[in-house]
Amino acid sequence: MSSEDSRTVGVSYVMPVLNEVREIESAVASLVAQDHEGPFEVILALGPSVDGTNEVVARLAASDPRLRSIPNPVGSTPAGLNVAIEASKHPVTIRVDAHSVLPTDYTRVAVETLLRSGADNVGGIMRAEGRTPFEKAVARAYGSRVGLGGTPHHVGGKEGPAETAYLGVFQRHRLIEVGLFDENIKRGQDWELNRRLRATGGTVWFTPHLTVTYRPRPSLRTLVRQFVATGIWRGELVRRFPSSSSLRYLVPPVMVAAVTVGLIAGLVGIVGAATGSWAGWLLLGFVAPAVYAVFVVAATFTAARDESGRAKLWFLVVLPCIHFGWGTGFFAGFLKLTKNITAHVGR
């Protein structure tokens, strides 16, 4: 395809869906509203939802023949993506998420960039937006360097080749060539797929001209669950592909280890000080958790300075939950516990 074809090339949106009754309608509406001139289809891979999601999708599909639902009995994200890609017919595959809302020019800009760059996959910025004070705190953590490390798809950067991409707009034939998503990887499957695309001579391309609105998890429980699961699979991926993994993935587990060891040492030091033994020196272990606490407070007054009072208070809670959830999960994944707890971390 040449760049002149970008306005009329056909695209297939593929979306795995599981228990997303709160977000699915706005996500689908953003696809139908795209200003791309070419033909399109929306393929929704439905997992075994229990919250009424599938009934909503059935209603949407009945009202628009461009929407199609197919079963995803496994329920996982990579399995849903694969069945949807295999059922698609257009040369460009656009991965979308039930938590994402695309701006109207997303497809047009993405397809033009895909053809202009010659890349296999193009992605942009995940712009998290919250509605409640809690969600706004989560969104602020997502979009700050103190939260998720400041990667381009969270905070922006220059256009060009990248390690991975958020969601992704793919040349469909390249997805088929590299074997689609690895269904044994429940989280981080996009990073692993992009690794294979690059290893086979392809290019993953980041552009700041693409932005996707992302709706954060609505509660502390679901947020912690999300980041423990993400950490588990990142640890698994680092263990499997150490040479392909960035050192930034080690920051949360190192922090968790330092704070945990520091707390234990400090508690032993309290006993030592009370008995007058040498162990009293271990009170210095409290320095590590104290430094981290100062970091969280300082981050709240910098990264979340424009938020409301309630959102700032939530940020004080959200940031450690993200760090400790991710870091703790990393150790579980790296130590080969993934198979034992996959059933408890969902998609």
Side-chain angles (χ1 to χ4, degrees), residues 9-21 23-34 36 38-49 51 53-102 106-107 110-111 114 120-123 126 164-194 196-197 204 210 212 214-215 233 346-347:
V9 65
V11 302
S12 299
Y13 301 98
V14 295
M15 181 193 296
V17 183
L18 179 68
N19 293 326
E20 298 290 0
V21 71
E23 308 291 354
I24 186 63
E25 289 196 68
S26 59
V28 171
S30 76
L31 307 182
V32 176
Q34 293 294 297
H36 179 64
F40 74 90
E41 61 181 347
V42 179
I43 304 177
L44 306 169
L46 303 186
S49 295
D51 65 348
T53 296
N54 292 2
E55 290 75 12
V56 173
V57 169
R59 172 171 54 80
L60 295 173
S63 65
D64 190 332
R66 297 169 298 184
L67 274 59
R68 182 156 50 106
S69 65
I70 59 176
N72 173 26
V74 175
S76 72
T77 295
L81 288 168
N82 285 348
V83 296
I85 292 166
E86 289 170 340
S88 68
K89 64 182 180 182
H90 293 302
V92 173
T93 299
I94 301 181
R95 176 184 175 177
V96 286
D97 187 274
H99 279 258
S100 61
V101 177
L102 306 188
Y106 181 88
T107 300
V111 174
L114 186 72
D120 297 323
N121 180 19
V122 167
M126 184 187 81
T164 190
Y166 176 59
L167 294 181
V169 178
F170 299 87
Q171 300 275 7
R172 183 182 184 274
H173 74 277
R174 285 289 286 142
L175 288 173
I176 302 300
E177 286 175 7
V178 299
L180 301 179
F181 289 88
D182 187 335
E183 295 186 20
N184 292 317
I185 300 175
K186 307 303 182 184
R187 298 288 180 101
Q189 66 280 144
D190 48 353
W191 177 88
E192 193 279 330
L193 173 65
N194 286 316
R196 277 184 280 134
L197 288 173
V204 178
L210 287 179
V212 180
Y214 175 83
R215 301 298 186 193
W233 284 100
R347 299 166 60 203

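FYI, the numbering just counts along the sequence from 1.
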Tell me the closest heavy-atom pair linking [X] and [Y], and the distance in Å.
X: Ala165; Y: Asn121; value: CB-ND2, 3.9 Å
X: Lys186; Y: Gln189; value: O-NE2, 2.8 Å
X: Pro16; Y: Leu81; value: CD-CD2, 3.6 Å
X: Ile70; Y: Val83; value: CD1-O, 3.4 Å
X: Ala27; Y: Ala98; value: CB-O, 3.6 Å
X: Ser100; Y: Val212; value: CB-CG1, 3.4 Å

So how far is it from [X] [atom1] to [Y] [atom2], rounded to the nearest 0.5 Å?
X: Phe40; Y: Arg66; atom1: CZ; atom2: CZ; value: 3.5 Å
X: Asp120; Y: His173; atom1: CG; atom2: NE2; value: 7.0 Å
X: Leu31; Y: Tyr106; atom1: CG; atom2: OH; value: 10.0 Å
X: Ile185; Y: Arg187; atom1: CD1; atom2: CZ; value: 13.0 Å
X: Leu102; Y: Ile94; atom1: CG; atom2: CD1; value: 7.5 Å
X: Glu55; Y: Leu46; atom1: CD; atom2: CG; value: 9.5 Å

Using side-chain hydrogen bond (donor to acceptor under 3.5 Å, both in side chains) as the criterion, list what pairs up with Gln34, not counting sequence neighbours.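 Expected list: Thr107.
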Hey, does His36 have a side-chain heavy atom less than 4.5 Å from the side chain of Val9?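 They are in side-chain contact.
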Could you tell me whether the side chain of Thr53 reaches within less than 4.5 Å of the side chain of Val21, counting heavy atoms only?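 Sidechains of Thr53 and Val21: in contact.
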Counting N and O atoms only, with roles assigned by atom type, does the side chain of [X] sit under 3.5 Å from a partner on the main chain of [Y], one being a donor and the other an acceptor?
X: Asp190; Y: Asn194; value: no
X: His99; Y: Tyr214; value: no
X: Ser69; Y: Leu44; value: no

Hey, mind stepping through Phe181 and Thr77 against side-chain contact (heavy atoms from CB on, under 4.5 Å) and telling me if it holds? CA-CA 9 Å; Phe181 289 88; Thr77 295; over 6 Å; no
For Glu183, side-chain contact (heavy atoms from CB on, under 4.5 Å) partners two or more places apart: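 side-chain contact (heavy atoms from CB on, under 4.5 Å) check on Glu183 returns Pro78, Ala79, Asn82.
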So that I can tick it off, tell me whether Arg59 and Glu25 are bridged by a salt bridge, with the cut-off set at under 4.0 angstrom between side-chain N and carboxylate O.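 Yes, this pair counts.
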Using 4.0 Å as the upper bound for N to carboxylate O, is an ion pair formed by Arg196 and Glu192?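 Looking at Arg196 together with Glu192, the answer is yes, because their closest N to O distance falls below 4.0 Å.
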side-chain contact (heavy atoms from CB on, under 4.5 Å) assessment of Ile24 paired with Met15: CA-CA 10 Å; Ile24 186 63; Met15 181 193 296; 3.5 Å; yes
Distance-only side-chain donor-acceptor flag, Arg172 / Ser88, under 3.5 Å: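 Indeed, the side chains of Arg172 and Ser88 share at least one donor-acceptor pair under 3.5 Å.
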Pick out which of Leu114, Ile85, Val204, Leu197 makes a side chain to side chain contact (heavy atoms under 4.5 Å, CB included) with Phe170.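 So, applying the side chain to side chain contact (heavy atoms under 4.5 Å, CB included) to Phe170 and each of Leu114, Ile85, Val204, Leu197, only Leu197 qualifies.
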